[in-house]
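We name chains A, B, ... by the order of the sequence lines, and we start the count at 1 in each one.
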Amino acid sequence: MDYRRTYVRDLFAATPGTEISVFGWVKTRRDSKGISFVQVSDGSCFRDFQVVVPAGAIPDAELAKVSTGACVRFDGTIVESPAALQAVELSATGLEVFGEADPQTYPLQKKGASFEFLREIAHLRARGNTFGAVFRVRAQAAQAINEFFHHRGFHYIHTPIITASDAEGAGAMFQVTTALEANAPLEAPDGHFSYRLKTVNPSDDFFGRPAYLTVSGQLNAETLAMGMTNVYTFGPTFRAENSSTSRHLAEFWMVEPEMAFCDLEGDMNLAEEFLKEVIGNVLDHCGDDLAFFNQRIEPQLLTTLDHVVNSPFERLTYTEAVAMLEASGENFEFPVAWGIDLQSEHERWLTDVKVGRPVILTDYPKEIKAFYMRANDDGRTVRAMDVLAPRIGEIIGGSQREERLGHLEARIDEAGLPRAAYSWYLDLRRYGSAPHAGFGLGFERLLMYITGMKNIRDVIPYHRTSGNAEF
RNA sequence: UGCCGCAUAGCUCAGUUGGCAGAGCAGCUGACUGUUAAUCAGCGGGUCAUAGGUUCGAGUCCUAUUGCGGCAGCCA
């Protein structure tokens, strides 16, 4: 056995008469008198391949093991199929069952299960249509992201997962420590365990100081952009927010480009090109998977994605957006006024009702944005941008960074943050500072947009949320 | 964290005013020479989430707990 063999995705174009083997997992078996049909899937593509077992070709006792979920190899000959749904099929002469799946206990069935139930058996859900498609699209989108940046001369960098910056302002953080130890074994019979404190002195902790899981690679990425010009990170990110919504995870993947010699217009141009190219790439490479999502998950999916790829994004300032919301006549739960942070309902009205495609909002009030965003001359707004997408809301958040030392120090002071903790970040402005900009894109939110999946927990193999670290 | 909703067979769900626990699919047994979530016949399958309470009687009403989901906040 070797990875170099013919996969299911290639079998549909196999020449009749070819002797070949099909490796995979059984979706269904249909029996008629003297003949059986077995659908075999190996995850290489959306479709599964039909194997025909003629009368007497395989002993009944062996064929009986071929049930939904079993792992098998069928040997045989490619033949033209007399039926309409496939051009060719495998006429089986031999069978090896690698692993049976007891039909009495195997939890998956050919009829659909709810996504909530499948989350409980996440270790088995990659075998189904939906999650096979989700994870193929995920792989293709990740590939497309790397290609997008590679073709534009961006360097792929790796920023630290563990950080000592404790005040980046991007959200609650997970502390990383060896000072705490679980007392009882995790498999304690009563299911309870407690913690023991090994030290109360930070200097005795592993890093000699408080340390956390990163909430953003941006500040580190800026340091590499100030020397390599165009860089990006693509890696895991952590938020300890106790948020239980369909679009938040405690562990998620984020794409963060950072560009020297770039302003907010350049940043917006990159974000728009990025979304169009990555979505276009997935449209080109995952047609069967997207057709499935369009048919079973989100009826307008393909229309929407084509529209995104082919039409310009709407660009509005925060001030213009607030004026539109105020003139909308809508009765919002949270009233609109200049200076407020836009609520989900406001963003949804702008994207889904007013514009109908992605919207880029810029120049937010400085009070509701992070300290590192570049101040505008009006004294009250900053060069921030959010890309809002219909259905899912904010998908990208970015800004032109404050490159002027004095302005940045003032903002750090205003925010009540300790300058000393940012000495290395301030050094970038002290020595050879440059105008620069970048953004962060939530990879899972992009996948929700591309697949039409409604819950972010269903576009990542194993979701981590508050109260859930299963598998 | 707040508000709301849900919890009945392996899965998806019905269950009327409080009165014998139901269906489809899956499973098992059989039928059918080419099926496409095959079809047809038969069979088995339940601590109605947990703990209390009201009642002659609770899947159904009340309380608490647990789990799951939705929305909001936080954000990507």
Side-chain angles (χ1 to χ4, degrees), chain A residues 27-39 47-56 64 67-69 79-86 89 91 101-121 128-129 168-173 191 215-218 236-256 271 296 333-334 341-345 347-348 368-370 386-389 392-398 439-449 454-460 465-468 470:
Chain A
K27 278 268 179 62
T28 66
R29 192 185 85 211
R30 297 179 293 274
D31 297 318
S32 220
K33 182 154 182 94
I35 189 168
S36 290
F37 301 89
V38 184
Q39 300 297 136
R47 300 180 66 189
D48 35 52
F49 197 74
Q50 175 160 290
V51 174
V52 185
V53 183
S67 59
T68 300
V79 297
E80 288 184 31
S81 176
L85 295 188
Q86 59 278 315
E89 59 197 18
S91 182
D102 181 1
Q104 303 270 12
T105 56
Y106 187 63
L108 288 171
Q109 56 185 59
K110 51 190 161 191
K111 208 160 181 173
S114 69
F115 292 143
E116 289 83 358
F117 172 69
L118 291 171
R119 257 171 241 150
E120 296 172 12
I121 52 164
N129 286 341
E168 291 178 14
M173 305 176 89
V215 293
S216 165
Q218 179 201 315
T237 307
F238 307 87
R239 302 280 164 86
E241 298 290 348
N242 194 5
S243 40
S244 171
T245 82
S246 57
R247 57 184 198 286
H248 287 88
L249 292 169
E251 175 183 280
F252 63 100
W253 285 63
M254 189 149 67
V255 179
E256 294 175 287
R296 299 290 282 273
E333 185 187 346
F334 295 90
D341 209 352
L342 296 183
Q343 307 290 313
S344 293
E345 57 174 343
E347 297 179 350
R348 213 156 31 233
I368 60 174
K369 287 294 181 183
D386 283 357
V387 181
L388 311 178
I392 58 168
E394 183 174 350
I395 190 171
I396 285 178
F439 64 75
L441 166 117
F443 185 48
E444 284 78 15
R445 291 201 180 160
L446 176 64
L447 292 174
M448 290 172 76
Y449 194 63
K454 305 292 186 294
N455 194 310
I456 199 166
R457 295 161 210 163
D458 295 329
V459 294
I460 189 167
T465 50
S466 80
N468 189 310
E470 194 77 29

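- For B:rG67, the base has no donor-acceptor partner in the side chain of A:E120 [N/O atoms by modelled type, under 3.5 angstrom].
- Between A:S114 and B:rU12 there is a side-chain polar atom (N or O) within less than 4.0 angstrom of OP1 or OP2.
- In the set B:rU36, B:rU1, B:rC74, the nucleotide with an atom closest to the side chain of A:N242 is B:rU1.
- If you check B:rU1 for Watson-Crick or wobble pairing at under 3.5 angstrom, you find it paired to B:rA72.
- Considering only heavy atoms from C-beta on, A:F252 comes within 4.5 Å of A:R239 through its side chain.
- As judged by a 4.0 angstrom heavy-atom cut-off over every strand, A:T237 is placed among residues making no nucleic acid contact.
- A:E89 comes within contact range of at least one nucleobase, with a heavy-atom separation under 4.0 Å.
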Might you list the N or O atoms of the protein lying below 3.5 Å from N or O atoms in nucleotides 24-33 of chain B, with each pair's distance?
| from | atom 1 | to | atom 2 | distance (Å) |
| --- | --- | --- | --- | --- |
| B:rG27 | O2' | A:Q104 | OE1 | 2.9 |
| B:rG27 | O2' | A:Q104 | NE2 | 3.2 |
| B:rC32 | OP2 | A:K33 | NZ | 3.2 |
| B:rU33 | O4' | A:K33 | O | 2.9 |

_Test log, rule side-chain contact (heavy atoms from CB on, under 4.5 Å), inputs A:R30 and A:Q50_ = CA-CA 11 Å; A:R30 297 179 293 274; A:Q50 175 160 290; 3.1 Å; yes

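- Of the candidate nucleotides B:rA38, B:rG70, B:rC74, B:rG70 has the atom lying nearest to any side-chain atom of A:S246.
- Between the side chain of A:E444 and the backbone N or O of A:R457, no donor-acceptor pair lies under 3.5 Å.
- In this structure, A:R29 places its CZ atom 15 Å from C1' of B:rU36, rounding to the nearest Å.
- At the heavy-atom level, A:F117 lies under 4.0 Å from the strands shown only through sugar-phosphate atoms.
- Pairing of B:rA26, defined by two Watson-Crick or G-U wobble distances under 3.5 Å, is not identified with any nucleotide.
- Where A:R348 and A:G442 meet RNA chain B, the nucleotide closest to each residue was compared, and A:R348 sits on the side nearer the 5' end.
- Separating the C1' atom of B:rG52 from that of B:rA14 is a span of 28 Å, rounded to the nearest Å.
- Rounded to whole angstrom, the span from the CZ atom of A:F115 across to the P atom of B:rG69 amounts to 13 Å.
- Note that the OG atom of A:S114 and the CD atom of A:E120 stand 7.5 Å from one another [nearest 0.5 Å].
- Base pairing of B:rC32 is not made with any nucleotide, judged by Watson-Crick or G-U wobble geometry with both donor-acceptor distances under 3.5 Å.
- Nucleotide B:rU35 holds its C1' atom 17 Å from the NZ atom of A:K27, rounded to whole Å.
- A gap of 32 Å separates the C1' atoms of B:rG45 and B:rA64, to the nearest Å.
- Closest approach to the A:F37 side chain among B:rU36, B:rG73, B:rG34 is made by B:rG34 (side chain taken as heavy atoms from C-beta onward).
- Separating the P atom of B:rG46 from that of B:rU50 is a span of 15 Å, rounded to the nearest Å.
- Between the C1' atom of B:rC74 and the CD atom of A:E241 lies a distance of 5 Å, rounded to the nearest Å.
- Looking at heavy-atom distances under 4.0 Å, A:I395 makes contact with sugar-phosphate atoms alone, never a base.
- Between the A:D102 side chain and the A:Q104 main chain, a donor and an acceptor come within less than 3.5 Å of each other.
- With 3.5 Å as the limit, one finds no donor-acceptor pair spanning the side chains of A:N455 and A:S246.
- Looking at the side chain of A:R30, the nearest of the listed nucleotides B:rA72, B:rA37, B:rU35 is B:rU35.
- Proximity note for A:R119 (side chain, C-beta onward) versus B:rG73, B:rG69, B:rG34: the nearest is B:rG69.
- A distance of about 14 Å separates the P atoms of B:rG70 and B:rC13, rounded to the whole Å.
- Within the shown strands, nothing qualifies as a pairing partner of B:rA21 under the Watson-Crick or G-U definition with both distances less than 3.5 Å.
- Ranking B:rU36, B:rC75, B:rG73 by closeness to the A:Q50 side chain, first place goes to B:rU36.
- Counting distance only, with no hydrogens placed and no angle test, the side-chain atoms of A:R457 and the base atoms of B:rC68 include no donor-acceptor pair under 3.5 Å.
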*Given side-chain contact (heavy atoms from CB on, under 4.5 Å), test A:E333 with A:Q343 step by step and report yes or no.*
CA-CA 9 Å; A:E333 185 187 346; A:Q343 307 290 313; over 6 Å; no

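- Taking 4.0 angstrom as the limit, A:R247 places a side-chain polar atom (N or O) nearer than this to OP1 or OP2 of B:rA72.
- Atoms CD (A:E347) and C1' (B:rC75) sit 10 Å apart, rounded to a whole Å.
- For B:rA38, the OP1/OP2 oxygens have a side-chain nitrogen or oxygen of A:T28 closer than 4.0 Å.
- Taking only side-chain nitrogens and oxygens, A:S344 comes nearer than 4.0 Å to OP1 or OP2 of B:rG73.
- With a 4.5 Å cut-off on side-chain heavy atoms, A:E89 and A:P82 count as touching.
- B:rC68 atom P lies 16 Å from atom CD1 of A:I121, rounded to whole Å.
- Summarising the base pairing, B:rU54 is matched to no nucleotide, lacking a Watson-Crick or G-U wobble pair whose two defining distances lie under 3.5 Å.
- The partner of B:rG67 is B:rC6, judged by Watson-Crick or G-U wobble contacts that both fall below 3.5 Å.
- In this structure, A:Q343 reaches the sugar-phosphate backbone alone: every heavy-atom distance under 4.0 Å involves primed, P, OP1 or OP2 atoms, never a base.
- When the P atom of B:rC3 is taken as reference, atom CD of A:E333 falls 15 Å away, rounded to whole Å.
- For A:R47 and B:rU36, the CZ to P distance is 16 Å, given to the nearest whole Å.
- Between the C1' atoms of B:rG24 and B:rU63, the separation comes to 36 Å (whole Å).
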*Take A:L108 and A:I121, measure what side-chain contact (heavy atoms from CB on, under 4.5 Å) needs, and give me the verdict at the end.*
CA-CA 9 Å; A:L108 288 171; A:I121 52 164; 3.8 Å; yes

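- Judged by ring centres under 5.5 Å apart and planes tilted less than 30 degrees, A:F252 stacks against the six-membered base ring of B:rA76.
- When heavy atoms are screened at a 4.0 angstrom cut-off, A:T105 is found touching no nucleic acid atom at all.
- The listed nucleotides are B:rC68, B:rG34, B:rA76; the one nearest the side chain of A:E116 is B:rC68.
- When the nearest nucleotides of RNA chain B are assigned to A:A113 and A:T245 by heavy-atom distance, the more 5′-ward of the two goes with A:A113.
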*Could you walk me through whether A:I456 and A:H248 pass the side-chain contact (heavy atoms from CB on, under 4.5 Å) check?*
CA-CA 7 Å; A:I456 199 166; A:H248 287 88; 5.7 Å; no

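- Of the C1' atoms belonging to B:rU12 and B:rG18, the separation is 27 Å, rounded to the nearest Å.
- The separation of B:rU60 from B:rU8, taken at their P atoms, amounts to 13 Å, rounded to a whole angstrom.
- Rounded to whole Å, the separation between the P atoms of B:rU16 and B:rG22 comes to 13 Å.
- Residue A:N455 has a polar side-chain atom (N or O) positioned under 4.0 Å from OP1 or OP2 of B:rG70.
- With distances taken from any side-chain atom of A:E394 to the nucleotides B:rA76, B:rC74, B:rU35, the minimum falls on B:rA76.
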